[in-house]
Number of protein chains: 2
Amino acid sequence: MYQYEYPHFAIATDVALFTLLGDELKLLLIRRRGAPFKGSWALPGGFLRTDDATLEECAARELSEEAGVSGFFLEQLYTFGDQGRDPRERVISVAYYALVPGEGLTLTARTDADAAAWFPADALPELAFDHAQIIQLARQRLASKLDYSTVAFQFLPDEFALSDLQRVYEAVKGEQLDKRNFRKFILGLGLVEPTGNERRGGPSRPAKLYRAKTGHRLEYFR
Amino acid sequence: MYQYEYPHFAIATDVALFTLLGDELKLLLIRRRGAPFKGSWALPGGFLRTDDATLEECAARELSEEAGVSGFFLEQLYTFGDQGRDPRERVISVAYYALVPGEGLTLTARTDADAAAWFPADALPELAFDHAQIIQLARQRLASKLDYSTVAFQFLPDEFALSDLQRVYEAVKGEQLDKRNFRKFILGLGLVEPTGNERRGGPSRPAKLYRAKTGHRLEYFR
DNA sequence: GCAAAAGTGTTGCCGATACACCCATGG
DNA sequence: CCATGGGTGTATCGGCAACACTTTTGC
């Protein structure tokens, strides 16, 4: 038994995980099985354990445990610690946002798969706790990071067509972009290179495929 | 005595408080009176208490208690929670940065004033914990926020000359700016208005004074 | 041959930069 | 009258937005 000089609190991480399915930005939600907010939709997340070496590790663990997802990009967003944001006791929540390529999602591999689902980011249900606020902040951050970093690549597999990348920008920003200007912009950054492969099979001209020069590391430009 | 389902942790806030003194960006440091890192310089900060309604309130309280400062702008920066960042026990630290006008600093009003001191932001001593990392992050954030927000006003009193504002930009970014272009930039934003007053008394032409149109609320442009 | 998506250049405009001199005051 | 900082305009350049047609494939 320990005696502490200062009060201690529960720490949690909550993660807003986005992906692109078709032309639409999607967000992963979990249906809560316990109180409080039992039956409500909420962000995946959970309490920090002593064997989580870092907060990020905690967030990643919850994402794979609760949602059966892996291979995501993860970045800290903001920390919420107001009194009363959790009705049980004071919980300090470190919010993250995460991105996965739309391809190869392993949601179905989970035992209780129906408890997790992708929602259109523009049509979310009522959410538990202050999760609506977290999501709003995550979307803002995401949209502004498109303008000065390579976050967009995190939505795509290693090989992608420029039109795939454009679909990411359009879905996240919620506006149409001019194809020629977009290509000039991306190629002008000098951060992608052709792989030499093409994507065939569609009823149209094959698309040249590219990869991020830096692998999938986040780069800042501007 | 309570039994918790999950482990609980100490939460702290640490604050990087900047001001402009003369032409130089300064950072406030506190000399630690207790273990660990006794005698080292550190950021002002301390543990979250149950009567702090918000994390921000905790940060503000510590700033006024430890440093005797008030009237600052305060914004959350990042949360550090790795194992081992505090040798005593695991401490989750929510880092903030804060800005005060160089005028009217009340540091001297403190009882143990010699325990707190302003250091040139470019010449800091060895620091306790991971505080050097926090400060580096704060400076980056600050410098980039100059480009798309009105944070700079937070370094200035209500009335200021355009050259004061320019000194802020130069100190934070660490580079000289062209006076004419700078004024065009600021006036072009349309976020300041002349107060009608002048600052006389120097051995030079009096400077017209301005105020932020929005009061001291943070605005985003671009 | 037709539907569907890929690919490709030029022009105009606006915002950012570079640059040097006169002005008003206090001492 | 001199030292100090305040105040002002123009020309150039480069990046960004607007804009439409041809190409390659699968069926």
Side-chain angles (χ1 to χ4, degrees), chain A residues 20 22-24 102 143-144 146-149 152 156-157 159-171 173-211 220-222, chain B residues 20-24 102-103 143-144 146-149 152 156-157 159-171 173-211 220-222:
Chain A
L20 194 70
D23 284 347
E24 211 176 28
S144 71
L146 284 188
D147 292 331
Y148 61 90
S149 81
L156 298 175
E159 258 192 343
F160 53 87
L162 293 186
S163 59
D164 296 335
L165 191 53
Q166 184 171 349
R167 286 213 322 283
V168 171
Y169 274 77
E170 290 179 338
K173 298 178 94 104
E175 59 184 358
Q176 297 286 105
L177 298 173
D178 178 82
K179 204 200 313 185
R180 282 170 291 190
N181 291 337
F182 181 77
R183 292 173 164 249
K184 242 180 303 174
F185 168 62
I186 294 298
L187 296 173
L189 294 176
L191 298 172
V192 297
E193 59 190 6
T195 61
N197 301 329
E198 293 184 330
R199 182 165 55 207
R200 310 180 83 88
S204 74
R205 178 169 173 175
K208 289 197 184 110
L209 296 177
Y210 292 79
R211 80 181 124 241
Y220 295 90
F221 46 84
R222 235 133 110 54
Chain B
L20 194 70
L21 253 24
D23 284 346
E24 211 176 30
E103 326 293 320
S144 69
L146 285 189
D147 292 331
Y148 61 90
S149 82
L156 298 175
E159 259 191 343
F160 54 87
L162 294 186
S163 58
D164 296 335
L165 191 54
Q166 185 171 349
R167 287 213 322 282
V168 172
Y169 274 76
E170 291 179 336
K173 298 178 94 102
E175 60 184 356
Q176 297 286 107
L177 298 174
D178 178 81
K179 204 202 308 188
R180 281 170 292 189
N181 291 338
F182 181 78
R183 297 166 92 90
K184 241 179 305 176
F185 167 64
I186 295 296
L187 296 173
L189 294 177
L191 297 172
V192 298
E193 59 190 6
T195 61
N197 301 329
E198 294 184 329
R199 182 165 56 208
R200 311 181 85 89
S204 73
R205 178 168 172 177
K208 289 197 184 108
L209 296 177
Y210 292 79
R211 81 180 126 241
Y220 295 89
F221 45 85
R222 235 138 111 48

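This one's a predicted model, so the numbers in the text were calculated from it and none came from an experiment. Basis for what follows: all heavy atoms, side chains included, without hydrogens, waters or symmetry-related copies. We name chains A, B, ... by the order of the sequence lines, and we start the count at 1 in each one.
Evaluation of the salt bridge (charged side-chain N to carboxylate O under 4.0 Å, His left out) rule for B:E193 yields B:R211 as partners, not counting sequence neighbours. Annotation: side chain to side chain contact (heavy atoms under 4.5 Å, CB included) contacts of A:Q176 (sequence neighbours excluded): A:E170. Legend: residues meeting salt bridge (charged side-chain N to carboxylate O under 4.0 Å, His left out) with A:K179, ordered by chain and number and at least two apart, are absent. Under the side chain to side chain contact (heavy atoms under 4.5 Å, CB included) criterion, A:S149 pairs with A:K145, A:V151, A:L218, A:Y220, not counting sequence neighbours. Residues satisfying the salt bridge (charged side-chain N to carboxylate O under 4.0 Å, His left out) test with B:E159, not counting sequence neighbours, are none.
Considering OG1 of A:T195 and CG of A:L209, their distance stands at 5.0 Å, rounded to 0.5 Å.
Here the range on DNA chain D touched by chain A, meaning any atom under 4.0 Å from one of its heavy atoms, is D:dA17 to D:dG26.
Computed from coordinates, the A:F182 CZ to C:dG7 P distance equals 13 Å when rounded to whole Å. Remark: P of C:dA18 and CD of B:Q176 are 13 Å apart, rounded to the nearest angstrom. The distance from atom CG of A:L162 to atom P of C:dG7 is 7 Å, rounded to the nearest whole Å. The CD1 atom of A:I186 sits 14 Å away from the P atom of C:dG7 (whole-angstrom rounding). The separation between A:K179 atom NZ and C:dA4 atom P is 14 Å, rounded to whole Å. Atom CG of B:L187 and atom C1' of C:dA16 are 16 Å apart (whole Å). If you take CZ of A:R167 and C1' of C:dA4, they are 14 Å apart, rounded to a whole angstrom. To the nearest angstrom, C1' of C:dT11 lies 12 Å from CZ of A:R180.
The stretch residues 186-205 of chain B participates, sequence neighbours left out, in no ring pair (Phe, Tyr, Trp, His ring centres under 6.0 Å) pair at all. Pairs of residues two or more places apart, or lying in two chains, that qualify as salt bridge (charged side-chain N to carboxylate O under 4.0 Å, His left out) and include a residue from residues 198-210 of chain B are B:D164-B:R199, B:E198-B:R200. The list of ring pair (Phe, Tyr, Trp, His ring centres under 6.0 Å) pairs with a residue in residues 191-210 of chain A, not counting sequence neighbours, is empty.
The heavy-atom pair separating A:L146 from A:Y169 by the smallest distance is O-OH, 3.3 Å.
Within residues 192-210 of chain B, the residues that place at least one heavy atom under 4.0 Å from DNA chain D are, in residue-number order, B:P203, B:S204, B:R205, B:P206, B:A207, B:K208.
Residue B:S163 is the one, among B:S163 and B:K184, whose nearest nucleotide of DNA chain D lies closer to the 5' end (criterion: closest heavy atom).
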N/O donor-acceptor pairs under 3.5 Å from side chains in residues 180-190 of chain B, not counting sequence neighbours:
{"from": "B:N181", "atom 1": "OD1", "to": "B:K184", "atom 2": "NZ", "distance (Å)": "3.3"}
{"from": "B:N181", "atom 1": "ND2", "to": "B:D178", "atom 2": "OD2", "distance (Å)": "3.4"}

Show me the protein contacts with nucleotides 12-14 of chain C, counting only N or O atoms at under 3.5 Å.
none

